[in-house]
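First comes the structure, then the notes that go with it.
What's counted below: heavy atoms across the whole structure, side chains too, no hydrogens, waters or symmetry copies. If you're wondering where the values come from, they're calculated on a predicted model, not measured in any experiment.
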Amino acid sequence: MAFGIKKQEVMDWKQKIDNGEIAFLTHYWLDDRFPGCKTVTKVGCHDLVRLAEWGRQYGLKKEWIHRRRDGYSHFDLIGERQIEILNKEGLQHHIW
């Protein structure tokens, strides 16, 4: 279940994706499959080759991309890996 996110934040994320950027969107999220994790970061890009190349530097496999028909395909980052990647990207302020 996703919560704690504003419509404008989602619109900004989608605009960045539409512009071909690697875009980050972090929000609160609860899922019984991932106890102890309270947020998820969606990292998207319209260019799936670019997104896969971005993910490769962090050991993410292209098969892990959540491919969406609406064009907003993304990786889902959670847990320690999420924190590690956001820190390396200089986005510590995205971590709650």
List the atom pairs, donor and acceptor, that lie under 3.5 Å between side-chain atoms in residues 44-57 and the rest of the protein, sequence neighbours left out.
{"residue": "D47", "atom": "OD1", "partner": "V49", "partner atom": "N", "Å": "3.0"}
{"residue": "D47", "atom": "OD1", "partner": "R50", "partner atom": "N", "Å": "3.1"}
{"residue": "R50", "atom": "NH1", "partner": "G20", "partner atom": "O", "Å": "2.3"}
{"residue": "W54", "atom": "NE1", "partner": "E89", "partner atom": "OE2", "Å": "3.0"}
{"residue": "Q57", "atom": "NE2", "partner": "W54", "partner atom": "O", "Å": "3.1"}

Next on the checklist: Do W64 and F75 have side chains that approach each other closer than 4.5 Å (heavy atoms only, starting at C-beta)?
Outcome noted: yes
Item to check | Qualifying side chain to side chain donor-acceptor pair (under 3.5 Å) pairs, either residue in residues 68-78, two or more places apart | outcome: D18-Y72, K42-H74, K42-D76, H66-H74, R68-D70, H74-D76
Checklist entry - For K7, what residues pass the side chain to side chain contact (heavy atoms under 4.5 Å, CB included) criterion, not counting sequence neighbours? => result M11
Checklist entry - Got a sec, which residues hit side-chain hydrogen bond (donor to acceptor under 3.5 Å, both in side chains) with N19, two or more places apart in sequence or on another chain? => result Q15
Item to check | Qualifying residue for side chain to side chain contact (heavy atoms under 4.5 Å, CB included) with T26, from L77, L91, L86 | outcome: L86
Next on the checklist: Side chains of Q8 and D12, heavy atoms from C-beta outward: is any pair under 4.5 Å?
Outcome noted: yes
Item to check | Close side-chain approach of Y28 to I5, heavy-atom, < 4.5 Å | outcome: no
Item to check | Single hit among R81, H27, Q82 for side chain to side chain donor-acceptor pair (under 3.5 Å) with T41 | outcome: Q82
Item to check | Residue pair I85 / L60, side-chain heavy-atom distance below 4.5 Å | outcome: yes
Checklist outcome for this item: On a heavy-atom basis, the closest approach of G71 and I17 is O-CG2, 3.8 Å
Item to check | With K62 via salt bridge (charged side-chain N to carboxylate O under 4.0 Å, His left out) - residues at least two apart | outcome: none
Checklist entry - Under a 4.5 Å cut-off applied to non-hydrogen side-chain atoms, are F24 and V43 in contact? => result yes
